[in-house]
Asks: 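Below is one structure. I have some questions about it.
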Amino acid sequence: MENIKAIIEALILSSDAPLPLDKICAVLSETRREDVKTAVAELTAEYDQRQSGISIQEVAGGFQYRTRTEMAAWIKKLKNVKPPTLSAAALETLAIVAYRQPLVKSEIESIRGVDVSAPLKGLLDKKLIRIVGRKDVPGKPIIYGTTKKFLEVFNLKDLSELPTLREMKELQLQGEAKDEVQEESREETKD
Amino acid sequence: MENIKAIIEALILSSDAPLPLDKICAVLSETRREDVKTAVAELTAEYDQRQSGISIQEVAGGFQYRTRTEMAAWIKKLKNVKPPTLSAAALETLAIVAYRQPLVKSEIESIRGVDVSAPLKGLLDKKLIRIVGRKDVPGKPIIYGTTKKFLEVFNLKDLSELPTLREMKELQLQGEAKDEVQEESREETKD
Amino acid sequence: MDTQTENYAIKLDIFEGPLDLLLYLIKKNEIDIYNIPVALITEQYLQYLNIIKSLNLDLAGEYLVMASTLIHIKSKMLLPVPEEPTEEENEKDPRAELVKQLLEYQSFKEAAADLEKRPILERDVFTHASAGLQENTGKENEEDDELIEVSVFELIEAFHRLVSRTDKKELLEIDVEKMSLTDIINDVMERLTREKNLTFEELLGERKDRRQIIYTFLAILELIKLRMIKAYQTSAFGVIRIFPAVES
């Protein structure tokens, strides 16, 4: 078992992108998947326990060595570069793509209420979103979705890790309250 | 001391090149050089002791996380299970074939400005392009086109789903115009 | 008024559009989003637009569209509500659509803020591979061993790069029609290679819509021009038979 852990550490370090469990299992073909899973979990716990400055984190469907967030200030001191930033327009656009994907530009614009050409281009350049196809309607608009890199950059295991939109909960709660109080102004907007 | 070690681990991992002691000392300006040295030595020993698959090694005048030599065979195995990817040269060649097909090698070369024998061969091997015929001119050059697999790999229904250059240009031009004004609300020209 | 104007000018910078401005006004006035006093909000909204105009700043069309929407809602609110609305007459609150839009936008604004708070690579967490937020550098690399992930976007970026490098303007003239034509050219060549020769009718196959006929014809013309196929006719008005120009 000890040896498996050492191999996994080496595999994760040698991989440029987050390393999926499947690939680890493909390499450790003699080992049962369950055991590989346990080894990864134990390793992760060990790094945490010893309060190492680095940890094995699950992002974008794979495992990767990453520094702990508490270390950010020190690394910034070392690198002496400004961290990458996204404008509010880019973040809003990205959030809409992330939650509503796959979708076309006009759908993003109807939510934001403004033209989104500039933020879209920026997000494509940064490879946070990508073209996933074309919609089969007149004009064949381009359909956008998020990339694996989006998950890597935002430290997400997968898209399901995104928190549910607050709007949904609020609308439901509000709907219930309204039913009780004012009968007449009920909004039964069908979607 | 423990904390210093954690910081050093994070610094080494986050550094692109082997990290010289001087740089670590520069970041940990409050700590004596001797103590930094000791911390690095202790860290190195700890990784060795616990027989981790990775270790902190001194290379090219700096410290770097590296996989242990015993792990080489496993890492080779991992690289072999990697999905096929495309080099920049192959990608460019593929782009030319995709957008200008059917065409012959000399036409690709006149666009790329370099010999494309190697990338062409690679693309044929990967079955992303194929020979569609021969041109009836002296030398009877081979004519290339993309394959069904190309459409599959790029998730396209047919070639008309490829984004057109005009669309990309539009997105870009709008983006650039916006960047200049830096603000969406000022986009519209005066009426 | 001067100081007030300045305030507005500064505030304007942070608005991401008319919806954002509306949300700001709602918050500022501590209004229930489900029960917006349209008259008040419209008035304040228009005030903002006037100030922007008086500062000679250009105003995005979207702000004006929203202004007219607000005015429209306001006028609708003034109409008397029928005393006992029947099931069919059950008129929706004229504000309903706007409220829905505002809530939706607000939720994404919050989602964006949540995203921004996550541990972000190269800001809060770092890894050994340079997997950071690098811009697409488009750097040239002739070596075949540099591996990269590929998407359609990258494909067109690669082509775009080449075009700008070679400065061949005509390369830009690629559109959807041309690409569909290429599909048909490919199809024609594939079938000719298999069948050795085919008639125009056979090439058309089952699907015979106008577009298909025109495109198949154009494909044949293109292929003849490219000297990839040869067309033969036994007699005037006879069947046109098409052969690959060169045996493969």
Side-chain angles (χ1 to χ4, degrees), chain A residues 2-17 19 22-24 26-29 43 46-47 50-55 65-68 70-79 87 89 105 112 114-122 124-125 131-134 136 140-142, chain B residues 2-16 19 23-24 26-29 43 46-47 50-54 65-68 70-72 74-75 77-82 155-157 160-163 167-168 170-179 181-185 187:
Chain A
E2 273 315 302
N3 191 32
I4 290 177
K5 279 198 231 166
I7 296 168
I8 294 171
E9 282 183 290
L11 292 178
I12 293 176
L13 186 74
S14 72
S15 177
D16 286 339
L19 186 65
D22 283 349
K23 280 200 186 170
I24 303 177
V27 174
L28 294 167
S29 45
L43 259 179
E46 279 165 29
Y47 275 89
R50 101 171 66 99
Q51 298 195 293
S52 167
I54 64 173
S55 63
Y65 276 110
R66 293 197 160 193
T67 60
R68 266 181 225 289
E70 304 93 273
M71 300 295 151
W74 297 100
I75 296 164
K76 254 169 236 163
K77 213 173 155 190
L78 172 73
K79 296 209 163 192
S87 68
K105 191 175 149 199
R112 285 202 65 221
V114 289
D115 179 81
V116 295
S117 304
L120 263 190
K121 175 74 174 57
L124 281 168
D125 279 347
I131 294 167
V132 292
R134 278 174 182 282
D136 205 8
K140 289 205 166 189
I142 291 172
Chain B
E2 273 314 304
N3 190 33
I4 290 178
K5 279 198 233 165
I7 296 167
I8 294 172
E9 282 183 290
L11 292 178
I12 293 176
L13 184 76
S14 69
S15 179
D16 292 334
L19 187 64
K23 276 202 181 171
I24 304 177
V27 173
L28 294 166
S29 47
L43 260 180
E46 278 166 29
Y47 275 91
R50 102 171 63 100
Q51 298 195 294
S52 167
I54 63 173
Y65 274 108
R66 295 205 155 191
T67 58
R68 263 181 228 290
E70 306 93 273
M71 300 295 153
W74 297 102
I75 293 161
K77 209 174 159 192
L78 174 71
K79 305 280 174 193
N80 283 337
V81 296
K82 263 195 174 176
N155 214 20
L156 298 163
K157 246 191 282 168
S160 71
E161 282 212 336
L162 272 175
E167 278 171 331
M168 263 2 265
E170 272 165 19
L171 213 55
Q172 196 157 12
L173 287 177
Q174 282 167 26
E176 278 160 14
K178 291 260 167 121
D179 282 348
V181 201
Q182 282 233 329
E183 192 188 318
E184 249 136 62
S185 51
E187 187 229 2

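Throughout, protein chains are lettered first and strands after them, A, B, ... in sequence-line order, and every chain is numbered starting at 1.
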Asks: Under a 3.5 Å cutoff, is there a donor and acceptor pairing between the side chains of A:K23 and A:S15?
Replies: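 Judged by distance alone, the side chains do not pair up.
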Asks: Tell me which of these, B:V27, B:T67, B:I75, B:L43, has more heavy-atom pairs under 4.5 Å with chain A than the rest.
Replies: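 The candidate making the most pairs under 4.5 Å is B:V27.
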Asks: Ion pair present between B:K5 and B:E46, side-chain N to carboxylate O less than 4.0 angstrom?
Replies: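 Yes, B:K5 and B:E46 are salt-bridged.
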Asks: Report yes if the side chains of B:S52 and A:Y47 come closer than 4.5 Å at any heavy-atom pair, otherwise no.
Replies: yes
Asks: Using distance alone, with no hydrogens and no angle criterion, decide if A:Y65 and B:E9 have a side-chain donor and acceptor under 3.5 Å apart.
Replies: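 Result is no, nothing qualifies.
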Asks: Is it the backbone or the side chain of B:I8 that comes under 4.5 Å from a heavy atom of chain A, or both, or neither?
Replies: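 For B:I8, no heavy atom lies under 4.5 Å from chain A.
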Asks: In terms of heavy-atom proximity below 4.5 Å to chain B, should A:I24 be classed as side chain, backbone, both, or neither?
Replies: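 No part of it gets close to chain B.
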Asks: A:S55 versus chain B, heavy atoms under 4.5 Å apart: side chain, backbone, both or neither?
Replies: neither
